[in-house]
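Beneath this line is the structure, given in structure tokens, with notes to follow.
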Amino acid sequence: MRGFEKFILCLFSIIMIILSVFLILVSTSMIQVSELYAVAVSFLVANKLWVLLIGAIISLLGLVGLFSSSDSSDESRSGLAIKNESGTVFLNRDTFESMIMSIARNYPELVNPKVDVTISEDGVKANIYSLILPDTVVPTLSSKLQENIKSVVKRQTTIEIKEANIKIKGVYIEQQKK
């Protein structure tokens with residue numbers, strides 16, 4: 001429904017701009033209303049069916065736009081609300097990313113880690129992108145990191161991370177100075 005609402009908003013914005021420009025031109029006498037009136041009436045009479053159809057469609061779109069309600073689902077995609085007896089705590093995507101980044105920085109085997117968190121109806125999914133140092137045992141590192149991320153985030157927020165994906169971009173090799 002979001003794309004349809006955007007379409008309606010764009011359509012009415014264009015109509016308002018055209019109407020505004022027309023009113024400015026009429027008020028500054030750049031367009032003579034009497035001449036335009038005769039042309040408009042003859043066009044409307046000659047094309048009654050098309051004008052009626054276009055008017056009905058624009059009216060329906062106006063009613064849909066007027067009475068449609070915007071979802072608050074955008075907010076839920078960018079964060080999660082935790083409700084308790086004292087109130088509600090809203091945790092956004094950046095909160096999860098900074099928590100997971102602080103965990104990833106505790107692993108010296110990871111070089112320049114980056115975190116991307118996706119929040120959806122399915123839950124919270126984290127992607128950790130990083131280079132690794134040579135001689136790193138990837139299965140051991142990834143399983144420890146995944147379990148650590150899941151347990152720390154669960155302990156701090158009571159929210160379970162559904163997926164903690166580790167994506168190794170390559171092996172970091174320090175360039176030696178000559």
Side-chain angles (χ1 to χ4, degrees), residues 1-102 104-105 112-131 149 153 156-167 169-170:
M1 188 71 174
R2 188 140 167 86
F4 185 66
E5 289 173 357
K6 253 185 180 174
F7 169 74
I8 291 173
L9 182 63
C10 287
L11 178 70
F12 280 99
S13 296
I14 291 169
I15 291 171
M16 289 299 113
I17 290 170
I18 291 170
L19 186 60
S20 300
V21 169
F22 177 75
L23 289 174
I24 290 170
L25 293 175
V26 167
S27 67
T28 58
S29 299
M30 296 177 94
I31 294 179
Q32 297 300 321
V33 179
S34 58
E35 296 170 6
L36 227 89
Y37 180 74
V39 172
V41 168
S42 65
F43 176 80
L44 294 175
V45 169
N47 299 304
K48 286 181 187 175
L49 183 62
W50 284 108
V51 171
L52 182 65
L53 185 64
I54 291 171
I57 290 172
I58 289 175
S59 297
L60 287 174
L61 288 174
L63 288 172
V64 168
L66 185 63
F67 292 112
S68 69
S69 64
S70 169
D71 295 358
S72 62
S73 62
D74 289 341
E75 196 172 289
S76 67
R77 283 187 219 131
S78 66
L80 287 175
I82 302 172
K83 296 180 181 178
N84 60 28
E85 62 277 350
S86 301
T88 303
V89 176
F90 187 77
L91 300 171
N92 64 15
R93 205 176 116 214
D94 295 336
T95 305
F96 287 105
E97 286 179 356
S98 64
M99 270 189 234
I100 295 168
M101 181 61 87
S102 67
R105 285 189 181 135
N112 297 327
K114 299 206 180 352
V115 177
D116 181 42
V117 172
T118 305
I119 299 173
S120 66
E121 292 82 25
D122 300 334
V124 179
K125 296 178 184 176
N127 293 314
I128 297 90
Y129 303 92
S130 181
L131 295 170
I149 288 170
V153 172
Q156 289 181 348
T157 66
T158 70
I159 294 174
E160 284 189 37
I161 300 289
K162 298 294 180 195
E163 293 179 19
N165 303 312
I166 315 299
K167 300 186 179 189
K169 297 190 295 185

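What's counted below: heavy atoms across the whole structure, side chains too, no hydrogens, waters or symmetry copies. This structure is a prediction, so every number in the text was calculated from the model and none was measured.
- Across all non-hydrogen atoms, the minimal contact from Ile128 to Ile149 is CD1-CD1, 3.6 Å.
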For side-chain contact (heavy atoms from CB on, under 4.5 Å), just list the numbers for Val89 and Thr157, CA-CA rounded to whole Å, side-chain angles, deciding distance to a tenth of an Å, and then say yes or no. CA-CA 10 Å; Val89 176; Thr157 66; over 6 Å; no

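- Taking CD1 of Ile15 as the reference point, atom SG of Cys10 lies at 11.5 Å (rounded to 0.5 Å).
- Separation of atoms CG (Asn127) and NZ (Lys167) is listed at 4.0 Å; rounding is to 0.5 Å.
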Between Ile119 and Phe96, is the side-chain contact (heavy atoms from CB on, under 4.5 Å) condition met? List the steps. CA-CA 10 Å; Ile119 299 173; Phe96 287 105; 3.9 Å; yes

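- Across every non-hydrogen atom of Lys83 and Thr88, the tightest pair is CG-OG1, 3.6 Å.
- Closest approach of Phe22 to Leu36, counting heavy atoms only: CE1-CD2, 3.3 Å.
- Within 6.0 Å of CD in Gln156 there are more than 12 heavy atoms belonging to other residues, nucleotides or ligands.
- A donor-acceptor contact shorter than 3.5 Å links the side chain of Asn84 to the backbone of Gly87.
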Would you check, one step at a time, whether the test side-chain contact (heavy atoms from CB on, under 4.5 Å) holds for Ile159 with Ile82? CA-CA 9 Å; Ile159 294 174; Ile82 302 172; 3.6 Å; yes

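- Under the 4.5 Å side-chain criterion, counting only non-hydrogen atoms from C-beta, Lys114 is not in contact with Ser130.
- Phe12 has its side chain within reach of Ile58: a pair of non-hydrogen atoms, C-beta onward, lies under 4.5 Å apart.
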Leu52 and Trp50: CA distance, side-chain angles, deciding distance, side-chain contact (heavy atoms from CB on, under 4.5 Å) verdict: CA-CA 5 Å; Leu52 182 65; Trp50 284 108; over 6 Å; no

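- For the atom pair Lys169 NZ and Tyr129 OH, the distance stands at 9.5 Å (nearest 0.5 Å).
- The CG atom of Leu25 sits 10.5 Å away from atom OG of Ser20, with the distance rounded to the nearest 0.5 Å.
- Closest non-hydrogen pair, Val117 versus Glu97, comes out as N-OE2, 3.2 Å.
- Residues passing the salt bridge (Lys or Arg N to Asp or Glu O under 4.0 Å) test with Asp94: none are found, sequence neighbours excluded.
- Taking CG of Leu80 as the reference point, atom OG of Ser120 lies at 9.0 Å (rounded to 0.5 Å).
- The backbone N or O of Leu91 sits nowhere less than 3.5 Å from a side-chain atom of Thr95 that would complete a donor-acceptor pair.
- Arg93 has a carboxylate O that lies under 4.0 Å from a charged side-chain N of Asp116, or vice versa, which qualifies the two as a salt bridge.
- Between the NZ atom of Lys48 and the CG atom of Leu53 there is a distance of 15.5 Å, given to the nearest 0.5 Å.
- Glu163 places no side-chain N or O within 3.5 Å of a backbone atom of Lys125 that could act as its donor or acceptor partner.
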